[in-house]
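Lettering follows sequence order; numbering is per chain, from 1.
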2 protein chains.
Amino acid sequence: MDNEADVIPVRQASPLRCAPVVNPRITRSREALLNAARELLLQGGPDAITVDAVAARSGVAKSTLYRHWATRDELVVDLFDHIKPPMIELDPSLPVVDALRLFGRQLAATVGDPEWQCMTPALLLMKLHQNNFAEIETRMQEQQRAALDAVLQRGIDEGVLRADATSDTSFTLLIGPFIMASLLGVVTVDDAFADAVTDHFIEGHRARAVV
Amino acid sequence: MDNEADVIPVRQASPLRCAPVVNPRITRSREALLNAARELLLQGGPDAITVDAVAARSGVAKSTLYRHWATRDELVVDLFDHIKPPMIELDPSLPVVDALRLFGRQLAATVGDPEWQCMTPALLLMKLHQNNFAEIETRMQEQQRAALDAVLQRGIDEGVLRADATSDTSFTLLIGPFIMASLLGVVTVDDAFADAVTDHFIEGHRARAVV
DNA sequence: GATGAACGCTACGATACGGTATCGTTGTGT
DNA sequence: ACACAACGATACCGTATCGTAGCGTTCATC
């Protein structure tokens, strides 16, 4: 007698037993797959992330891949959520101008990374034509934005910066040159460039003497 | 006896008789195909440009498509070379500041166009992983750059701008905010935004009184 | 109106890819 | 040592896509 409870094929997005103690083999195969997918993305773009290629490169069987993610798209979403750049921390004890300069240099290092340069156009493109990626990219921004705004607000409070320094337009004025320099490659994104951009921003937003 | 001259199957990149007077049907089918490819690019990204889809949408037969381009990739290259934004002209009779403001507004209109917003990430991505697209994108830049530099140089000569206004870094400072605003969409790219960016650039590059 | 280039139609082949299914093997936790 | 979850290998199916081939049709030009 066929008991249906034995037959249901566990179709799901494969939670794979996220039990209190995880089987080490699970994380091993998962990270091997993600790492292979990342390498393929860097080398050949998003289209290079095929299930066969990921399985072959990672040394993990394709069947195991589908035990981690139900579809190939879920793997890609997971990948982009996994390799997004680390938050840039801002030291509140530093003077505002120095904190901004440090932020600029760290931002330059982030966007100057080839991984970022390759990931960003892919993310922008998928954000346009797929629905799963819009939130990933916005989350990435908002985190950076919040940390930056805190420092800028401190500069406003201390009378160093104008009151509009935290506006969207000002945010674009500061970050935009980094983005462009990295994506288009017209100029190398090094510390000197970072300082130039940051200083240009600060000068343009310096609080004038009372009128 | 098989005369080889009769057998060679015209395999080439299909020049299609670019005779003194072109057959109007050639340009008609060609532009119908390019237009369909453009629409597909806007709607679904580069991957949506399939030969079958282009043929179906344009109403032109697939065999005719291959009479214009030897491969699908050649069509895509031709497309990106065809829809690149028009040069922004700069009136030399205007005062430098006004000319720059006008340039900013025109640039805002260009990069604010959905077609540009969709084409650019695709172009950046293909530039990374294919060889045919690197030159297209650089040509696009250099043209704009030359026209802009002419105005900036005039500003330097007239004593309005600092001597480094035509440097790569300064170029990035002016254009970067436009690029970022358009690609990431944090702020709407309108005339007000353009004026803010342009004025910020001018203020940061204004020639100081002699020290 | 005759000629031939350009075109439309359609079927086909080859390949790549996403995803499924099966079954034997390994190794982890008890 | 034992049970079972996780894994590996492989074959397979359906489909999408690029590109080719053949042949009949239309239309611009002389």
Measure the angle between the two terminal helix axes of the helix from C:dG1-D:dC30 to C:dT30-D:dA1, five base pairs each, and quote it to 10°.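 Answer for the end axes of this duplex: 30°.
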
What's touching nucleotides 1-4 of chain D from the protein side, N or O pairs under 3.5 Å?
none

Check whether the side chain of B:T71 and the base of D:dC18 form a donor-acceptor pair under 3.5 Å.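 No such pair is found, so the answer is no.
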
Donor-acceptor pairs under 3.5 angstrom involving side-chain atoms of residues 43-54 of chain B: please list them, not counting sequence neighbours.
from  : atom 1 : to    : atom 2 : distance (Å)
B:T50 : OG1    : B:A53 : N      : 3.1
B:D52 : OD1    : B:K62 : NZ     : 3.3

Using the test ring-ring contact (aromatic ring centres under 6.0 Å, His included), find all partners of A:F201 that sit at least two apart in sequence or belong to another chain.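 Scan of A:F201 (ring-ring contact (aromatic ring centres under 6.0 Å, His included), adjacent residues dropped) gives A:H205.
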
With sequence neighbours left out, write down each residue that passes ring-ring contact (aromatic ring centres under 6.0 Å, His included) with B:F80, or none if nothing qualifies.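 In terms of ring-ring contact (aromatic ring centres under 6.0 Å, His included), with neighbours along the sequence ignored, B:F80 is linked to B:F133.
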
Counting only side-chain nitrogens and oxygens, does B:S29 get under 4.0 Å of the OP1 or OP2 atom of C:dC7?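 Checking C:dC7 against B:S29, a side-chain N or O does come within under 4.0 Å of OP1 or OP2.
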
Strictly below 4.0 Å: does B:T64 bring a side-chain N or O up to OP1 or OP2 of C:dG8?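 The answer is yes; a side-chain N or O of B:T64 sits under 4.0 Å from OP1 or OP2.
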
For [X], all residues meeting side chain to side chain contact (heavy atoms under 4.5 Å, CB included), sequence neighbours excluded:
X: A:T27; result: A:V22
X: A:L90; result: A:F103, A:A147, A:V151
X: B:E142; result: none
X: A:V111; result: A:L107, A:W116, A:F178, A:S182, A:V189

I need the single residue from B:D190, B:T198, B:T110, B:D195 that forms a side chain to side chain donor-acceptor pair (under 3.5 Å) with B:R105. Which is it?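 The residue from B:D190, B:T198, B:T110, B:D195 that satisfies side chain to side chain donor-acceptor pair (under 3.5 Å) with B:R105 turns out to be B:D195.
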
Find the distance [X]:[atom1] to [N]:[atom2] and express it as a whole number of Å.
X: A:R67; N: C:dT26; atom1: CZ; atom2: P; value: 15 Å
X: B:W69; N: D:dG19; atom1: CH2; atom2: P; value: 13 Å
X: A:H68; N: C:dG19; atom1: NE2; atom2: P; value: 16 Å
X: A:L65; N: C:dT20; atom1: CG; atom2: C1'; value: 13 Å
X: A:L33; N: D:dA6; atom1: CG; atom2: P; value: 15 Å

Would A:N35 and A:R38 count as a side-chain contact (heavy atoms from CB on, under 4.5 Å) here? Give the steps. CA-CA 5 Å; A:N35 198 44; A:R38 188 184 117 269; 2.6 Å; yes

Quick test: give all pairs of protein nitrogen or oxygen and nucleotides 27-30 of chain C nitrogen or oxygen below 3.5 Å, distance rounded to 0.1 Å.
from   : atom 1 : to    : atom 2 : distance (Å)
C:dG27 : O4'    : A:R25 : NH1    : 3.4

Any salt bridge (charged side-chain N to carboxylate O under 4.0 Å, His left out) involving residues 163-189 of chain B? Give me the pairs, sequence neighbours left out, ordered by first then second residue.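 For residues 163-189 of chain B: B:R145-B:D168, B:R162-B:D164.
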
For nucleotides 11-17 of chain D, just jot down a letter per nucleotide in 5' to 3' order: B, S or -, based on protein non-hydrogen atoms under 4.0 Å. ------S

